[in-house]
Each structure stands twice: as C-alpha cells, then as structure tokens.
Amino acid sequence: MQVTGPDDRWAWEEIDLGAVRRNARAFKQIIGPRTQMMCAVKADAYGHGAVECTKALHSGGASQFAVATVAEGVELRKAGIEWPILMLNQCPVEAVDTLIEYDIMPAVYQVEFALAYGERAAALGKVGKYHLAVDTGMTRIGVLPADAVEFRRTIDFHRGLECAGTFTHFATADEPANWDFELQANRFAETVEALRNAGLETGLVHCDNTPGTIMHPKQRYDMCRVGIGLYGLQPADITRTRIDLEPVMSVRARVIRTVYPQVGAGVSYGMTYRVPARGVQVATVPVGYADGLARVLSNRMEVLVNGQRMQQVGRICMDQFMFAVPVNTARTYRPVHPVEVGDIVTIIGRDGDDEITVDDMAVTRDTINYEVTCDFGLRLEKIYV
C-alpha cells in the first residue's frame with residue numbers, strides 16, 4: 001500500500017504498528033515469561049505516537065508503560081489506557097492531585113515530595129503508589145544507596161503511600177565488560193538486599209534498559225524497561241547481532257514545486273548552493289527544521305525520489321527544503337529523470353531497492369538515533385500503516 005499523505009499538507013510520518021508489535025515480541029522472547037516488560041513511550045513514543053504505540057506494545061507483550069511527564073501520562077489515560085503507568089521522575093508538588101486522579105505512579109527520591117503525595121492521596125481516600133529511584137552512579141535522580149533504607153523508613157509510616165517498585169538507570173549498559181556498569185549493578189543489588197533485610201517492601205525491582213535487556217540477563221530482576229529498540233532502532237552497534245529489529249518510522253513528503261534555474265542561481269538563505277550547469281532541476285519539499293529535519297544537514301543529505309538518490313541543496317528552511325535533480329548535459333540539457341509536482345520524496349525509509357535509515361541521518365548529524373525520531377515527531381502528522 002502506497003501512502004499519499006494527508007490532504008492538508010504534503011508531509012507526514014508513516015508508522016508501522018505491525019513492526020512495533022513484532023519488535024515488542026522479540027524483546028519479550030528474550031526476557032522470558034516470568035519477567036515483566038515495561039515499555040517506554042515517553043516523548044510521544046520517541047516521536048512515533050504514544051497512544052497507538054502503547055496499544056500495539058501491549059499486544060506485543062508489554063504489561064506496564066513509562067512516561068517522562070505528567071501530561072504524557074494523562075494523555076494515555078484520556079485515550080483509555082488502563083495499564084500501569086510510571087513517570088520516570090518526580091513532578092512539582094502542585095501536580096500530585098493530577099497523579100492521583102489519573103493513577104500515574106511517580107518516581108520518588110525526595111522526602112518532602114513523597115509525604116505531600118501520600119498526604120494528598122490519604123485525604124482523597126486513596127493510596128499513592130510510587131517507585132523508589134536509586135542513584136547508583138549516573139548522578140541524575142534518585143536517593144543514594146547509603147540513604148535508601150533511612151529514606152524509606154522516613155516515609156513508610158504514611159498510610160497514603162505504597163512502594164510499587166524500586167529501580168535505577170544504567171549509564172553504560174551498552175559497553176561490554178564496563179567497570180562503571182558493574183559498579184552500578186553491584187550498588188543496586190546491595191541496595192535491594194538492604195531494603196529487604198530491613199523488612200521494607202521493594203515492589204517490582206527493575207534496572208535493565210534497552211541495551212541492558214539485550215546484553216545483561218542477570219540484571220533483569222522482576223521487570224525490564226525497554227525503549228528505543230521497540231521502534232526498530234539498535235541502542236548500540238554491539239547489539240545488532242543479538243536481536244533482529246524492524247524499522248518503524250518512515251518520513252515522506254511530496255514535491256510542491258519544480259523549476260529549472262539559470263546557471264549560477266542561488267538556492268535558499270545565504271545561497272550556499274548555486275546551480276552549476278544548464279538544465280539542473282530544483283524541487284521544493286514542504287519539510288523543514290520545524291519538522292525535525294535539522295538545519296545542520298543542509299547540503300549534506302540525500303533523499304529518495306522514484307527509487308533514485310537526490311542531493312539536498314541550499315540551507316534547510318523552517319518549513320521547506322530543496323533538492324537538485326541530475327542532468328543529461330550531453331544531449332538535451334534536461335534531467336535524465338525529471339521529477340514532477342506530487343512525486344513522493346522519502347527522507348527516512350525505503351524507496352525501491354534503496355533505503356535511508358534513521359541511523360544514516362544520525363551519523364550525518366553527529367547525534368544518536370533517539371534524537372532523530374523525537375525531532376520528527378514534533379509537527380509531522382502520523383499515518384499508521
């Protein structure tokens with residue numbers, strides 16, 4: 001099935017929900033039936049659409065979901081998602097009513113927040129579930145291992161609180177035989193043991209992220225938190241031989257204008273590209289840096305049109321970019337394969353026998369695949385296939 005895009009704008013994302021389900025099943029297979037799978041759908045499912053992906057991931061074996069903000073959790077609840085949702089951070093105390101109303105579990109690591117959360121839950125006749133965050137060495141959020149038992153004793157008297165989980169996050173799970181990873185893993189194991197020896201409920205214990213789930217089976221505990229791999233992207237080169245994943249996102253648009261400029265004519269702001277020969281065709285596409293196509297890619301990226309690679313030219317604008325079509329100067333000064341208004345342009349994805357991947361673009365941008373997909377999720381309409 002060829003998607004032609006929305007009627008109101010010739011630019012869109014295609015999201016393959018079948019690939020989402022199959023990727024989830026691939027992770028669930030290596031995790032095993034006794035360990036739960038929490039799927040990260042924060043940042044609009046890394047730009048793929050949180051609500052639709054959450055439903056697909058649940059059918060692929062996910063039992064819980066992770067978000068980054070209160071609003072992300074509320075969006076899922078309003079869409080009818082009833083499965084457990086963990087917010088991987090604390091929020092301002094002013095938002096605890098919303099957490100309780102929509103049954104969103106926060107990460108907890110500050111006494112003042114925990115008590116305010118529990119107090120409000122008790123006042124409403126409810127119990128505020130939370131996951132204890134432990135900072136084992138990433139120096140981002142969490143209680144320090146040495147303080148975990150005392151922290152829990154300080155808040156556990158409150159009838160409005162219930163510890164539903166205990167977790168940490170690895171900084172170097174994608175690096176084999178890494179000393180920092182081993183140190184974090186040992187600190188977490190010791191913290192969990194200390195909590196249990198003190199008679200404190202740990203809830204679901206979890207620490208493996210996407211690379212950890214693939215590479216470190218000993219750290220899977222009660223649940224694994226899987227993220228980027230669900231969307232068909234490898235968290236590291238070393239994981240490519242360990243799990244097969246299918247790409248989920250394609251980014252496409254349609255040509256909105258074509259022109260044959262004179263030799264020497266400039267293209268876009270600053271005229272960083274000038275037409276080098278007679279008969280060069282320049283086409284305009286309605287995608288720009290406001291849609292996630294980073295300006296740093298200007299004059300450095302290619303697109304696929306009718307199965308052929310074309311060079312992007314000129315600076316990428318907020319809402320458009322241009323590409324040049326090769327010419328046959330030997331006879332007609334016209335392109336060998338001219339493009340027409342309405343032709344589909346593939347920015348990310350497959351066209352015929354060729355493909356441009358998220359990882360290809362990440363390398364050109366000198367960034368990670370996570371950022372590329374999140375950026376494309378900013379404004380483009382999502383079409384689920």
Side-chain angles (χ1 to χ4, degrees), residues 1-21 41-57 71-72 75-76 78-81 230-233 246-259 268 281-295 297 301-310 312 314 316-323 325 338-352 354-358 360-361 369 371-385:
M1 179 185 72
Q2 185 181 52
V3 178
T4 58
D7 293 334
D8 61 345
R9 188 183 179 210
W10 278 359
W12 67 96
E13 288 182 21
E14 292 173 19
I15 306 300
D16 186 344
L17 292 178
V20 172
R21 283 188 288 270
V41 292
K42 60 183 180 175
D44 199 27
Y46 298 49
H48 295 75
V51 172
E52 293 301 326
C53 284
T54 295
K55 296 174 182 177
L57 291 166
E72 290 175 350
E75 178 190 13
L76 296 181
K78 287 185 174 180
I81 303 300
L230 301 166
Y231 310 106
L233 299 170
E246 298 180 40
V248 171
M249 176 188 290
S250 299
V251 179
R252 307 191 200 275
R254 296 168 73 181
V255 173
I256 60 172
R257 178 181 185 259
T258 66
V259 65
S268 195
Q281 186 185 36
V282 175
T284 302
V285 182
V287 176
Y289 58 77
D291 301 297
L293 189 66
R295 191 170 181 268
L297 292 168
M301 61 172 277
E302 296 176 315
V303 296
L304 298 174
V305 188
N306 300 322
Q308 298 180 343
R309 284 192 176 240
M310 306 292 180
Q312 185 275 324
I316 294 170
C317 308
M318 182 180 289
D319 311 300
Q320 294 102 15
F321 73 88
M322 282 66 75
F323 67 90
V325 182
V339 301
E340 299 178 356
V341 170
D343 281 354
I344 292 180
V345 178
T346 297
I347 301 164
I348 295 288
R350 178 170 291 280
D351 181 358
D354 206 348
E355 183 178 18
I356 297 173
T357 68
V358 171
D360 292 336
M361 185 169 287
N369 47 25
E371 185 175 13
V372 172
T373 60
C374 286
D375 286 352
F376 279 124
L378 294 174
R379 188 169 71 171
L380 292 175
E381 181 174 337
K382 297 173 181 65
I383 296 177
Y384 297 95
V385 297

Q: With side chains defined as the heavy atoms from C-beta onward, is the minimum distance between V255 and T284 less than 4.5 Å?
A: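 In short, these two side chains do not touch, never coming nearer than 4.5 Å.
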Q: So L17 and V385, do their side chains get closer than 4.5 Å, heavy atoms only?
A: no
Q: Using a 4.5 Å cut-off on heavy atoms from C-beta on, say whether the side chain of F323 contacts that of V305.
A: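 Sidechains of F323 and V305: in contact.
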Q: Looking at every heavy atom in both G5 and I383, which two are closest together, and how far apart are they?
A: CA-CD1, 3.9 Å
Q: Using 0.5 Å steps for rounding, measure from the CG atom of D7 to the CD atom of E381.
A: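 Separation between the atoms: 9.0 Å.
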Q: Does R309 pair with D351 as a salt bridge, N-O distance under 4.0 Å?
A: no
Q: Flag yes if more than 12 heavy atoms outside D8 fall under 6.0 Å of its CG atom; otherwise flag no.
A: yes
Q: So does K42 pair up with E72, basic N to acidic O under 4.0 Å?
A: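 Looking at E72 together with K42, the answer is no, because their closest N to O distance does not fall below 4.0 Å.
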Q: In the structure I gave you, are the side-chain heavy atoms of D354 and R350 within less than 4.5 Å of one another anywhere?
A: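 They are not in side-chain contact.
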Q: Run through V345, I316, L293 and flag the one making a side chain to side chain contact (heavy atoms under 4.5 Å, CB included) with V287.
A: L293
Q: Below 4.5 Å, heavy atoms only, C-beta onward: do F321 and V303 meet side chain to side chain?
A: yes
Q: Does this structure show an ion pair linking R9 with D319, if we count only N-O contacts that are shorter than 4.0 Å?
A: no
